[in-house]
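All chains are named by letter (A, B, ...) in the order of the sequence lines, taking the proteins before the strands, and each is independently numbered beginning at 1. All values derive from a computational prediction rather than experimental measurement.
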Amino acid sequence: MDVSHLLDELNDAQREAVSAEPGHCLVLAGAGSGKTRVLVHRIAWLIQVHHISPMAILAVTFTNKAAGEMRTRICDLLSINPDGLWIGTFHGICHRLLRMHAQEAGLPETFQILDSDDQYRLIRRIIKDMELDEGEYPARAVQGFINAQKEAGRRVEDIAQSTAVYQHDIQAKHLAIYRQYQAACERSGLVDFAELLLRVVELLRDQPARRAYYQKRFGHILIDEFQDTNSLQYALVCLLSTDLGPVNSPEITTTIPRNHLFVVGDDDQSIYGWRGARVENVNQFVRDFKPSLVRLEQNYRSTATILAAANHVIEHNDDRMGKNLWTDGEDGEPIRIFPAYSAEEEAEFVIGRIQQWVDQGHRLSEAAILYRSNAQSRLFEQTLLREDIPYRVYGGQRFFERAEIKDAMAYLRLAHNRDDDGAFERVINLPTRGLGQQTLQKIRTVAKESDRSLWDAVTGMLKQSELGARGQNAIHGFIDIIEQIAAHESLGSAVKAAVELSQLVAWYQKKEPPDRAESREENLAELIRAAEGYQQPFEDEQAGLSPMASFLAQAALEAGEHQSDRWEDCVQLMTLHSAKGLEFPLVFLAGMEEGLFPHQKSVEEAGRLAEERRLCYVGMTRAMQQLYLTHAESRMLHGQTSFSAPSRFIREIPENLTEAIRQSQTQSPQQMWASPAQSQSDFSLGAMVRHERFGLGMVVSLEGQGANARVQVNFEEAGSKWLVLAYANLEPVA
DNA sequence: GCGATCTGGATTTTT
DNA sequence: TCCAGATCGC
């Protein structure tokens, strides 16, 4: 078979990776270096050249989107549908394994997935039930604690046994909540996201035969975005590998042919440390598996100037694996830096430049405005709205996260599994059917005392007539609805029944303004349509899942699009985090200010600056042709005007790669930072200073050093305002 | 059960 | 400033 097409369009490094000999391989893939292409071609290479069965290949990604894209591209490349090939997210794959081995993993066959929102609600409920102070034990923090424990592979028992730290009251309480939470999950047959992974890790760890089976089956394991893996995911990879001595008993490993890991990642693009991702896993992988190493450094996206600038910024980080992006393309235009007086002016400037871009015959959708935090989108949106320019904001609520969808889904969940207490709590009185807190509390108490689910408890209480007449009626009605939904055979009609019988639409119409209610109604209609057209994945069917179970799992695992992607031509607005993996001809990094980016919290907490810098690197490398960095001297933050110096990341770009749009201030940002004249020693209490905009003022206090240095000034000309400023924005007056 | 009012907190996000 | 969540009064 002619396989030249698999290598023809690749550069040397890509070719080296795709055709790497059996053994482990680590591909360090810089931004825009064609990493997905390498993964896809590698899989095709394994199938067509090494005649590996698709069944023996496991490809893991981080998002459903990436998994879908990879599948499509493989289909295109091979022009066959590689059935049996496992491509999915860590969670998707673990879900699949648990469906196949529910019993062995200690789960009921009907187990359902608890998404973050469900998890949060459940934890809050438990904290309330335990009569703990919600101020002292915020559910969010406890949720973080529990997930962190699970991600470290720690069960309640593991922690309870490990001594000292958990003797303190707070930790002991956290642990107690964890215990209650886990018990509640088990009673209801619910599995949270971390649990999906942990159960599989435990299954493979404790059952050598199973482990051996999958080690043998998956001869080739490919993992994307390895820098984003957490401890649990790393543990899973180790368990699936035949090579990691300590976890495998010799009698088993010797009988299994060696399997191969192909890992792709970029330590410079690790931006999810705050949610448990461990860049260290990349180095750990090198130590544990001694892979061959391929660097993809040729960039096909950005101009040489943009790459040079990004390289300079990222070089300020230590502990890199080292990589230098290059291109054989053109130098392109300089990085443009705009110092705005205010955030409003920044927005106007950015949108002005976008209009110019369009006037030059380009498309709106080629322009992206990237920012550090979501709140920054507001001003841009206002300005775009005023100028009547269409735009799209990424992020926000996704389809299956919408309240009305979750409501309807709770009816379905309950119809599917009566023990789902989370679902019960959510809709037992929604729409309100006259059940008060008292009745509800009574039901909870009974359930708790008899260690039964709420559904069991309430049906029991009905039989014993332990409820008031009104409550009795209400609950009868509710039970009736659930039973009716459950009686439907097809998924589509069950969902339709859930939406109709629940009378959610009427409820929202009564409760909310017409436009809001209308959108909810549309979403519910969309839900029915989605259910009616739902095609159960082959694997789910194979695993013996009912369409309903599979639909519910899908909804939790894949929350759907943020917005219906109307393919309109519009400006793209998103956070730097959401921009990862995307590219745009024209990119604005807005709000490049100390305190905002790098964010204050990351500056304060030791060791978090490097990740901010990587985020900057990610942002810069999104740009194909033009890159603007803008910062505002003043902006409204939490209802107060605050003043900030330009971001240190601007300073880290050599001046010869940049062009200052306005030399309004005394110096360019680079000079502001570099100039020895602008240091604390040049200011003293009571000294007079001048500010470009606020005029003459007097120094009333001084604090901080370097980037965080601030001086408080009383500006008499500006109506005796006391403003806190960066030194760099002030000029001493003799 | 629900609207009006008060309060506190405000990176980043996928599964 | 702006939002969500808690609290209060009917």
Practice task
Kindly say whether A/F111 contributes a backbone atom to a donor-acceptor pair with the side chain of A/R99 at under 3.5 angstrom?
Solution key: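 Looks like yes, one N/O pair under 3.5 Å.
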
Exercise for the section: Taking only the side-chain nitrogens and oxygens of A/K510, find out if one of them lies under 4.0 Å from OP1 or OP2 of B/dC2. Expected result: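 For B/dC2, OP1 or OP2 has a side-chain N or O of A/K510 closer than 4.0 Å.
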
Practice task
Give one of base, sugar-phosphate or nothing for A/L370, where a contact means two heavy atoms less than 4.0 Å apart.
Solution key: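 Counting heavy atoms under 4.0 Å across all strands, no contact is made by A/L370.
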
Problem - Touch class at under 4.0 angstrom, heavy-atom based, for A/N429 against every strand present - result: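 Here A/N429 touches the backbone only, sparing every base.
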
Problem - Between CZ on residue A/R96 and CG on residue A/L557, distance to nearest 0.5 Å - result: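 Interatomic distance, A/R96 CZ to A/L557 CG, rounded to 0.5 Å: 12.0 Å.
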
Completion exercise
Counting primed atoms, P, OP1 and OP2 as sugar-phosphate and everything else as base, the B/S/- map of nucleotides 8-15 of chain B against protein heavy atoms under 4.0 Å is --BBBBBB

Exercise for the section: Any chance you could list the contact pattern along nucleotides 4-10 of chain C? Use B for base contacts, S for sugar-phosphate-only contacts and - for none, protein heavy atoms under 4.0 Å, 5' to 3'. Expected result: --S----

Problem - Heavy atoms from other residues, nucleotides or ligands near NZ of A/K128 exceed 12 (cutoff 6.0 Å) - result: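 Buried by this count: over 12 neighbours within 6.0 Å.
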
Exercise for the section: Let me know which of A/K511, A/R426, A/R520, A/R402 forms a salt bridge (Lys or Arg N to Asp or Glu O under 4.0 Å) with A/D407. Expected result: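 The passing option is A/R426.
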
Exercise for the section: Please say which of A/E593, A/E345, A/E344 ends up in a salt bridge (Lys or Arg N to Asp or Glu O under 4.0 Å) with A/R635. Expected result: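 Among A/E593, A/E345, A/E344, the one meeting salt bridge (Lys or Arg N to Asp or Glu O under 4.0 Å) with A/R635 is A/E593.
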
Practice task
Could you work out the separation of C/dG5 and B/dT12 based on their P atoms and round it to a whole Å?
Solution key: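 Comparing P positions in C/dG5 and B/dT12 gives a spacing of 16 Å.
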
Problem - Spacing of A/R378 atom CZ relative to C/dC3 atom C1', expressed in whole Å - result: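 Interatomic distance, CZ of A/R378 to C1' of C/dC3: 12 Å.
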
Exercise for the section: Please confirm whether A/H577 and A/W274 have ring centers closer than 6.0 angstrom. Expected result: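 Yes; A/W274 has its ring centre under 6.0 Å from that of A/H577.
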
Handout entry: salt bridge (Lys or Arg N to Asp or Glu O under 4.0 Å) partners for A/E401, two or more places apart
Key =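 Partners of A/E401 under the salt bridge (Lys or Arg N to Asp or Glu O under 4.0 Å) test: none.
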
Practice task
Please lay out, stage by stage, how A/Y214 and A/H101 fare under the test ring-ring contact (aromatic ring centres under 6.0 Å, His included).
Solution key: CA-CA 12 Å; A/Y214 283 108; A/H101 309 294; 5.7 Å; yes

